[in-house]
Trainee: 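The structure under discussion is supplied below as structure tokens; questions concerning it will follow.
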Amino acid sequence: MHFRNVAAAFPTTLALAAPATGAFGETMNDHARIQSTIDAMTSAFARGDIDGVMATYEPDAVVVGQPGKPVSGTPALREMFAGFIALNPKFTFTSQDIVQAKDIAL
């Protein structure tokens with residue numbers, strides 16, 4: 001399985017201490033793969049790599065960068081992510097809920 005983000009909200013917080021099976025049935029291995037996708041996305045942001053960020057999202061992803069203002073479509077997401085990167089974000093993770101449906105995680 002390869003996990004990609006369907007949607008995200010910024011700023012985001014994350015801390016993972018996963019049980020062997022999560023609340024939505026993901027296994028520890030699934031959880032590790034989901035975490036790997038999240039890590040790839042945040043690392044790409046830290047490098048200023050918009051292509052790397054985009055690679056972690058589904059083509060039809062919807063991202064809420066500001067409350068009540070969802071953004072979708074590759075050109076709009078690239079523009080929004082470029083704006084985030086211009087802010088030179090530093091990610092600090094403290095908690096995260098993962099909702100999984102087959103090979104898609106939110």
Side-chain angles (χ1 to χ4, degrees):
M1 261 184 233
H2 174 71
F3 290 96
R4 293 175 60 164
N5 293 314
V6 175
F10 288 88
T12 185
T13 58
L14 167 70
L16 295 166
T21 302
F24 294 96
E26 77 268 11
T27 66
M28 183 62 107
N29 193 33
D30 288 348
H31 193 85
R33 290 177 183 167
I34 293 166
Q35 182 60 52
S36 176
T37 300
I38 294 166
D39 292 344
M41 186 258 306
T42 57
S43 292
F45 265 112
R47 292 188 313 273
D49 177 7
I50 294 173
D51 290 333
V53 173
M54 293 299 295
T56 66
Y57 284 85
E58 287 293 318
D60 296 329
V62 175
V63 178
V64 181
Q66 296 179 42
K69 296 186 178 183
V71 175
S72 63
T74 299
L77 289 173
R78 290 182 75 81
E79 181 179 340
M80 182 180 67
F81 292 146
F84 289 157
I85 288 170
L87 297 172
N88 195 25
K90 304 292 184 237
F91 292 94
T92 303
F93 300 111
T94 56
S95 68
Q96 174 151 340
D97 291 326
I98 296 173
V99 178
Q100 178 185 345
K102 298 185 183 178
D103 66 345
I104 302 293
L106 167 64

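Fair warning: this is a prediction, and the values are worked out from it, not measured in the lab. Only heavy atoms go into these numbers, but all of them, side chains included; no hydrogens, no water, no symmetry mates.
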Trainee: What pairs of residues pass the side-chain hydrogen bond (donor to acceptor under 3.5 Å, both in side chains) test when at least one of them lies in residues 73-82, not counting sequence neighbours?
Mentor: Asp51-Arg78
Trainee: When rounded to the nearest 0.5 angstrom, what distance separates CZ in Phe84 from CD1 in Ile50?
Mentor: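 Spacing of CZ (Phe84) from CD1 (Ile50) equals 11.5 Å.
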Trainee: Grab the two heavy atoms, one from Val62 and one from Ser72, that are nearest each other, plus how far apart they are.
Mentor: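 Looks like CG2-CB, 4.0 Å.
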Trainee: Backbone N or O of Ile38 within a donor-acceptor pair of the Thr42 side chain at under 3.5 Å?
Mentor: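 Yes, because the side chain of Thr42 sits within donor-acceptor range (under 3.5 Å) of the backbone of Ile38.
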Trainee: Could you list the residues that satisfy side chain to side chain contact (heavy atoms under 4.5 Å, CB included) with Leu77, not counting sequence neighbours?
Mentor: Met54, Ala61, Val63, Val71, Met80, Phe81
Trainee: Suppose we screen for side chain to side chain contact (heavy atoms under 4.5 Å, CB included). Which residues come up paired with Ala44, at least two apart in sequence or across chains?
Mentor: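 In terms of side chain to side chain contact (heavy atoms under 4.5 Å, CB included), with neighbours along the sequence ignored, Ala44 is linked to Arg47, Asp49, Val53.
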